[in-house]
Number of protein chains: 2
Amino acid sequence: MTQAKPQGRGLARRQAMLDAARELFLEKGFECTSLTDILKRSKGSRSTLYEQFGSKAGLLRAMVEEVTSTVWQLLGDDSGPCTFCEAGLIELGRRFVYSALAPETIAVYRIIVAEGHRVPEIAEFFFNTGPRTLEHRLAERFRAALSVRENVGSPEEIAQIYLGAVLGDLHVRQVLGLVPHWSDEQIDSHVRIAVGIFLDGVGRPPSRVETISDRPDSPKEIIDLGSQLG
Amino acid sequence: MTQAKPQGRGLARRQAMLDAARELFLEKGFECTSLTDILKRSKGSRSTLYEQFGSKAGLLRAMVEEVTSTVWQLLGDDSGPCTFCEAGLIELGRRFVYSALAPETIAVYRIIVAEGHRVPEIAEFFFNTGPRTLEHRLAERFRAALSVRENVGSPEEIAQIYLGAVLGDLHVRQVLGLVPHWSDEQIDSHVRIAVGIFLDGVGRPPSRVETISDRPDSPKEIIDLGSQLG
DNA sequence: TATGCAGTGTACCGTACCGTACAGTTTAGT
DNA sequence: ACTAAACTGTACGGTACGGTACACTGCATA
């Protein structure tokens, strides 16, 4: 991302300013970063900045698009693992969570949440490039893999629930700054558990249609879920 | 919330200012709302505001605490429906989603995300009062209801996954302003589906231990989930 | 070397806003 | 009715920032 002179001095200055903006927005947020801060770090001049981006919002827009495009790239290639075996769901979930929790993603998310009303289209760009695309790809596969059963909802809804389960509250905690950083082990473990529940469920109270012996693959662990009705 | 003269003029003015601040922060965000705006709406004076709250951040803090305390109140009473039958999980999920998507909650969340670094403790207050408390209550019940099975994680983790699944991406979409408002039917349907998956799962590929005939409660709908390995 | 353009550095303008000060006005208690 | 305190309204200071203007510099080409 930080490389010199793609072509001509102009683009080099543009990139330097984008880099400085990205770093500073990530460190201090958008509002608290002044153009002077950015110029101090990028060694550029005010005139050049306005020539390249037109306004502070223009700079934000360019920076968000750059970060968004690169951070979700992991999810773009279908050449990954198999998608709907358990291992595939785990690997996909891992990639999604890593992308969603990357510091750049979190910073961009913070900025969009705060400034979204001023530059509305960037929120759409962010969400469409990331979660929405993934949801669609997942839903497509789900549609092919699952014949619909009543009360189970559309493939899109199932995909949304899968992503929600896999992400849990990791994202909220990160965005609110309640956690310094999640370790790889924590993420892996969380995703693994979520996928397990997504596939098998935690088990239904025995007072319903099924009996324990109806589920020979996991008999003991759902023993008294139903006795808790309070 | 908007009532006159709890006791003395002071508290009345304080409440009027809090109300105006809540409304305006909700409409325009924190940064874009000036004290002049608030004073214009609350009919109060600048001096009184500083006497009551000390600073703009103090006003924010008071407003966030008020909203947070009231909006999660729905979740506070255990006298609700049974907690772990399917109906109970659905009802609890509904309440959680409604609280999380309430306009006041969304607005407060936006503000905290944007200004959290300036007033760090309010983010903690928000999360602890809402999701964290609920997670703990859920986990406690889960611990009692489920005997642990290997690879399934702690009750806390299961609770987090439950909340994540139930919320799906509704919250993100709302926060990013991509949706005007969710209808009650949409929320109800989403929660119902999520709880279904949480309890039963979507079904595991037949290439694993179980066979189709092992799950007589939902035989047809999981036919070729495994054939999709990419 | 001469020329022109791209980029630089800085000074400046207008504006918006937080926070304070202060004189005037309303309310409540005696 | 008198007085003290609470509240109002406004004006002002200080500051920070976005955006513009403009003179200056360095590099590349003819």
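A, B, ... follow the sequence lines: proteins, then strands. Residue 1 opens every chain.
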What do the steps show when you test Asp37(B) against Lys28(B) for salt bridge (charged side-chain N to carboxylate O under 4.0 Å, His left out), and what is the final call?
-> CA-CA 10 Å; Asp37(B) 293 332; Lys28(B) 308 167 48 174; 2.8 Å; yes
State whether Arg41(A) and Glu27(A) are salt-bridged, where the test is any N-O pair (Lys NZ or Arg NE/NH1/NH2 against Asp/Glu carboxylate O) under 4.0 Å.
-> yes
What integer distance in Å separates Glu51(A):CD from dC22(D):P?
-> 16 Å
With no angle test and no hydrogens, is the base of dG19(C) tied to the side chain of Ser55(B) by a donor-acceptor pair under 3.5 Å?
-> no
Write down the distance between CZ (Phe53(A)) and P (dG19(D)), rounded to a whole number of angstrom.
-> 13 Å
Does dT8(C) have OP1 or OP2 sitting under 4.0 Å from an N or O in the side chain of Thr48(A)?
-> yes
From the candidates dT20(C), dT8(D), dG7(C), the one with an atom nearest any side-chain atom of Arg13(A) is dG7(C)
Give me the residues of residues 26-42 of chain A where at least one heavy atom lies under 4.0 Å from an atom of DNA chain D, by number, or none.
-> Thr33(A), Ser34(A), Leu35(A)
Nearest to the side chain of Tyr50(A), which nucleotide is it out of dT8(C), dT20(D), dT8(D)?
-> dT20(D)
Roughly, in whole Å, what's the span from NZ in Lys43(A) to P in dG26(D)?
-> 17 Å
Examine Lys56(A) relative to Tyr50(A) and say whether NZ or CZ is less than 6.0 Å from the centre of the six-membered ring and inside a 45° cone about the ring axis.
-> no
Check the pair Phe25(A) / Val108(A) against side-chain contact (heavy atoms from CB on, under 4.5 Å), numbers first and verdict last.
-> CA-CA 8 Å; Phe25(A) 289 167; Val108(A) 165; over 6 Å; no
Assign the ring pair Tyr109(A) / His171(A) to parallel, tilted or perpendicular, where the plane angle (0 to 90°) is split at 30° and 60°.
-> perpendicular
Between the base of dG19(C) and the side chain of Arg46(B), is there a donor-acceptor distance below 3.5 Å?
-> yes
Going by distance alone, is a donor N or O of one side chain under 3.5 Å from an acceptor N or O of the other, for Glu66(B) and Gln15(B)?
-> yes
Could you state the CG-P distance from Leu49(A) to dT10(C), rounded to the nearest angstrom?
-> 16 Å
Which heavy-atom pair separates Ile112(A) from Ala123(A) by the least distance, and what is that distance?
-> CG2-CB, 3.5 Å
Sorted by position of nearest nucleotide on DNA chain C, 5' first, the leading residue of Ser47(B) and Lys56(B) is Lys56(B)
Rounded off to whole Å, could you give me the CZ-to-C1' distance for the Arg14(B) and dA6(D) pair?
-> 16 Å
